[in-house]
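Take a look at the structure set out below.
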Amino acid sequence: MTVRTRIAPSPTGDPHVGTAYVALFNYCFARKSGGQFILRIEDTDMARSNPQSQEAILNSLRWLGLDWDEGPDVGGPHGPYQQSLRGEIYRQHVARLLEEGHAFRCFCTSERLAELRKAQQPAGLRPGYDGRCLGLSQAEVEQLLRDNVPYVIRMKVPEQGVCEMTDLLRGRIEIGWDMVDMQVLLKQDGMPTYHLANVVDDHLMGITHVIRGEEWINSTPKHLLLYDYFGWEKPVFCHLPLLRNPDKSKLSKRKNPTSLVYYQRMGFLPEAMLNYLGLMAWSMPEGEEKLSLAEMVEKFDLAHISLGGPVFDIKKLSWLNGRWVREDLSDEQYAERVQKWALNREYLMPIAALTKQRVSILSDLGPLTAFFFSGELPVKAADFEDKKVPVEVSRKAFARALEEFDALGCWDKQAIGALFKQLCDEFQSKLRDFLRPFYVAITGSPTSTPLFDSMEILGRDLCRARLRRALEVLKGANS
RNA sequence: GGCGCUAUCGUCUAGGGGUUAGGACGUGAGAUUCUCAAUCUCAAAACCCGGGUUCGAUUCCCGGUAGCGCUACCA
């Protein structure tokens, strides 16, 4: 049996470092075992999934060099590798579960379910479906179908006993079936939920080892049950610890840069990124810390993964990156990397358009655009002193903007501009005054290239990081 | 709240019934270099708590505590 693993990202946002982290282990395990590594897009959430995100995720994983043997872009014998294109497959499988009595139609409205939960919570009950539609007679179901009442399909779950599972890293885990909800398998829109799609695809795609984040442990019983219902052989399950913020919570963009695009823009090398991600969970007995992807593949051992949730430490990542730059790049290669990083046509063109009107001689360009080629800016509290805008207002405005950044669907100058106009109204300020502190935070100076354009070029994560930094700087300042 | 997972320096980790508990990042001090960076040396810094088992537990077992996760027609 050849080992087959997969990474199955959901295209609902920026490419996440956690995705790269899980992908790395799947990649190493597959390569080490001489097996295949597959990329599958889990875009069953029609409301949140979008093609830009999918494209960005693929680009980031390619940037890192984690190449996949089968996937939406390269094809393969088990395609399509995009779940939104596999609707018919899921519907057929659900029909089978329905026929065999392992699943049932549920006509309950989301309002009723919300009320149900509201009643369960204070009563100390586990929130979950109460099985009302399980009691529907055949005739009642047929009538509801004739009336075109919308429904979902849920899986049946044993009422008693415990589900025993084996995790490759943690050994035996037991979860009582009474803790498992009658999970929706097929949503009202005809799309499957993760639980169904994941099991069906993993089986059909011949996945032998499911290596995924720890957050899935509690729903594994549902998956195991589905394998049993279908009569399929189960893969090996292996749950990886979750990456953490410095405060130990699950790594999130609110508190930390999580986008691979950010790290790319900051000028981290893919080699260092991958190396560091690997270091988060295991280490070499000899203590060497600098490892190439090939070396990691060669020495990789799932059993050596430590289980504590590791804090993502940018300082150590930077140190490692420095080693890669110093020790592995010739002057020429280094120059090429710099060029590829930001001194390339694609990045420079919009900057050229922005600066042409603002220079007299070409050497004005350096100071004018330094912030486009920097990470965090060395701003001080004094830089934010402004005759018309009290520091306290800036601070509040930064905090509000930071909140709204995430909600912004599309990161372009129109959207950014609209957001700032809205915030400006909210603060009942003049746009010119309101924006000045943002210029300082984002570009390092109150006079610079146009803010919205500059922000679009810099990207969401870098702007977020700079605003966060400005907020930090202002924390100790008195207005 | 319920359920689950986890627990070694501030951080990432090694180790494991008897060790001066090892390495790395970061921090501090020094050396070196025209400055800086890099490099080198040194230093401070950890086995969550309580019970068992044992001649002996940081290590094994149990309990607690804490952290995290899950508890959606999101993944």
Side-chain angles (χ1 to χ4, degrees), chain A residues 8-13 16 18-19 41-49 83 106-111 113-114 116-117 120-129 150-154 162-163 165 167 169-198 212-222 239-251 276-290 304-323 325-327:
Chain A
S10 178
T12 54
H16 199 276
T19 303
I41 296 294
E42 308 229 326
D43 56 350
T44 53
D45 185 339
M46 298 305 267
R48 296 200 304 147
S49 298
Q83 292 184 329
C106 170
F107 297 88
C108 295
T109 61
S110 36
E111 289 74 39
L113 296 176
L116 185 64
R117 269 192 289 270
Q120 284 164 334
Q121 210 94 46
L125 295 165
R126 175 183 65 80
Y129 188 61
Y151 63 91
V152 301
I153 294 174
R154 291 178 183 274
V162 294
C163 174
M165 56 193 263
D167 180 277
L169 297 174
R170 300 153 210 268
R172 166 168 303 211
I173 297 174
E174 293 187 358
I175 294 176
W177 284 117
D178 58 339
M179 296 313 302
V180 180
D181 198 11
M182 291 177 238
Q183 183 64 47
V184 170
L185 297 177
L186 206 67
K187 302 183 262 187
Q188 220 176 82
D189 65 3
M191 283 304 249
T193 57
Y194 169 85
H195 306 284
L196 199 240
N198 159 260
R212 70 212 322 182
E214 195 177 19
E215 76 248 56
W216 296 107
I217 290 180
N218 284 291
S219 42
T220 304
K222 294 168 191 169
H239 292 94
L240 265 17
L242 260 19
L243 263 24
R244 311 283 182 89
N245 294 310
D247 68 1
K248 301 272 187 187
S249 57
K250 175 172 155 180
L251 193 66
Y276 179 68
L277 253 13
L279 240 39
M280 303 293 312
W282 51 274
S283 58
M284 290 294 101
E286 320 86 63
E288 179 51 89
E289 298 196 289
K290 194 171 115 230
H304 277 159
I305 292 179
S306 51
L307 297 176
V311 172
F312 193 86
D313 180 6
I314 296 182
K315 286 238 178 75
K316 184 150 186 180
L317 169 61
S318 302
W319 164 81
L320 233 202
N321 200 71
R323 278 193 66 185
V325 172
R326 268 177 260 124
E327 298 173 13

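Every chain is numbered from 1, with letters handed out A, B, ... down the list of sequences.
Partner assigned to B/rA46 is none, using Watson-Crick or G-U wobble distances below 3.5 angstrom. Base-pair partner of B/rU59: not found among the strands shown (Watson-Crick or G-U wobble, both distances under 3.5 Å). Under the Watson-Crick and G-U wobble criteria, each requiring two contacts below 3.5 Å, nucleotide B/rU53 is left unpaired. In this structure, B/rC74 makes no Watson-Crick or G-U wobble pair, since no nucleotide meets both defining distances under 3.5 angstrom. Pairing partner, B/rC34: none, since no Watson-Crick or wobble contact has both distances short of 3.5 Å. Across all strands shown, the partner of B/rA24 is B/rU11, judged by Watson-Crick or G-U wobble contacts whose two distances both fall under 3.5 Å. Nucleotide B/rA66: paired with B/rU6 (Watson-Crick or G-U wobble, both distances less than 3.5 Å).
Here the shortest heavy-atom pairing between A/Val180 and A/Pro221 reads CG2-CB, 3.9 Å. Pairing each heavy atom of A/Pro310 with each of A/Leu242, the nearest pair is CD-O, 3.5 Å. When all heavy atoms of A/Gln83 and A/Ala197 are compared, the pair lying nearest together is NE2-CB, 3.4 Å. A/Pro192 and A/Thr44 make their closest contact through O-CB, 3.3 Å (heavy atoms, listed as atom of the first residue, atom of the second, distance). The heavy-atom pair separating A/Trp319 from A/Arg326 by the smallest distance is O-NH2, 4.4 Å. Nearest heavy-atom pair across A/His195 and A/Ser219 is CE1-CB, 3.6 Å.
For A/Lys187, the side-chain atoms get nearest to B/rC73 when compared with the rest of B/rC73, B/rG69, B/rC5. Of the candidates B/rC12, B/rA38, B/rC70, the closest approach to any side-chain atom of A/Arg326 belongs to B/rA38. Comparing B/rU13, B/rG4, B/rA72 by their nearest atom to the side chain of A/Ile175 picks out B/rG4. Counting only heavy atoms from C-beta on, A/Met179 has its side chain closest to B/rC3 among B/rA75, B/rC3, B/rC12. The nucleotide whose nearest atom lies closest to any side-chain atom of A/Ser306 is, among B/rA75, B/rA14, B/rC73, B/rA14. Each of B/rC5, B/rA72, B/rA75 was ranked by its minimum atom distance to the side chain of A/Pro127; first place goes to B/rA72. Of the candidate nucleotides B/rC5, B/rU11, B/rU13, B/rC5 has the atom nearest to the side chain of A/Ile217. When each of B/rC3, B/rC74, B/rC12 is scored by its nearest atom to the side-chain atoms of A/Val311, the top-ranked nucleotide is B/rC12. With distances taken from any side-chain atom of A/Asp313 to the nucleotides B/rU11, B/rA38, B/rA75, the minimum falls on B/rU11. In this structure, the nucleotide among B/rC25, B/rC74, B/rG4 sitting nearest to the side chain of A/Trp319 is B/rC25.
What separates CZ of A/Arg212 from P of B/rC70 is a distance of 13 Å, to the nearest Å. When the P atom of B/rA7 is taken as reference, atom CD of A/Glu214 falls 10 Å away, rounded to whole Å. Distance A/Lys290 NZ to B/rC12 C1': 18 Å, rounded to the nearest Å. Look at CD on A/Gln188: it is 7 Å from C1' on B/rC73, rounded to the nearest Å. For A/Lys222 and B/rG4, the NZ to P distance is 15 Å, given to the nearest whole Å. In this structure, A/Glu111 places its CD atom 12 Å from C1' of B/rC73, rounding to the nearest Å. Atom CG in A/Asp167 sits about 14 Å away from atom C1' in B/rG69, given to the nearest Å. In this structure, CZ of A/Arg48 is placed 7 Å from P of B/rA75, rounded to the nearest angstrom.
Rounded to whole Å, the separation between the P atoms of B/rU8 and B/rC49 comes to 11 Å. Remark: the separation of the C1' atoms in B/rA46 and B/rU13 is 12 Å, to the nearest Å. With P as the reference atom, B/rG4 and B/rG63 are 11 Å apart, rounded to whole Å. B/rU59 and B/rG50: their P atoms are spaced 11 Å apart (whole Å). Atom name P, nucleotides B/rU53 and B/rC62: the rounded distance is 15 Å, in whole Å. Comparing the same atom, P, in B/rG10 and in B/rU27 gives a spacing of 16 Å after rounding to whole Å. When the C1' atom is compared between B/rG22 and B/rG15, the two are found 8 Å apart, to the nearest whole Å. Distance check on atom C1': B/rC36 versus B/rA43 gives 24 Å, rounded to whole Å.
Residue A/Leu320 is out of contact with every strand shown, counting any heavy-atom pair closer than 4.0 Å. Backbone-only contact: A/Val184 has heavy atoms under 4.0 Å from sugar-phosphate atoms and none from a base. A/Arg170 comes within 4.0 angstrom of the backbone, heavy atoms only, and of no base. Using a 4.0 Å heavy-atom distance criterion, A/Ser318 is classed as making no nucleic acid contact. At a threshold of 4.0 angstrom between heavy atoms, the contacts of A/Glu42 are confined to the sugar-phosphate backbone, with no base atom among them. Within 4.0 Å (heavy atoms only), A/Cys163 reaches no atom of the nucleic acid at all. Looking at heavy-atom distances under 4.0 Å, A/Thr12 makes no contact with the nucleic acid at all.
Regarding contacts with the backbone of B/rA75, a side-chain N or O of A/Thr44 is found under 4.0 angstrom from either OP1 or OP2. Between B/rC73 and A/Arg154, a contact under 4.0 Å exists linking OP1 or OP2 to a side-chain N or O.
Relative ring orientation between A/Tyr151 and A/Phe107 is described as tilted, the plane-to-plane angle lying within the 30° to 60° band.
To the nearest 0.5 angstrom, A/Leu317 atom CG is 5.0 Å from A/Phe312 atom CZ.
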Practice prompt. Could you check A/Ile217 against A/Met165 for side-chain contact (heavy atoms from CB on, under 4.5 Å), going step by step and ending with a plain yes or no?
Written response: CA-CA 10 Å; A/Ile217 290 180; A/Met165 56 193 263; 4.2 Å; yes
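Positionally, the nearest nucleotide of RNA chain B for A/Leu169 lies more toward the 5' end than for the other of A/Asp247 and A/Leu169. Each of A/Gly176 and A/Arg323 was matched to the nucleotide of RNA chain B holding its nearest heavy atom; the match closer to the 5' end belongs to A/Gly176.
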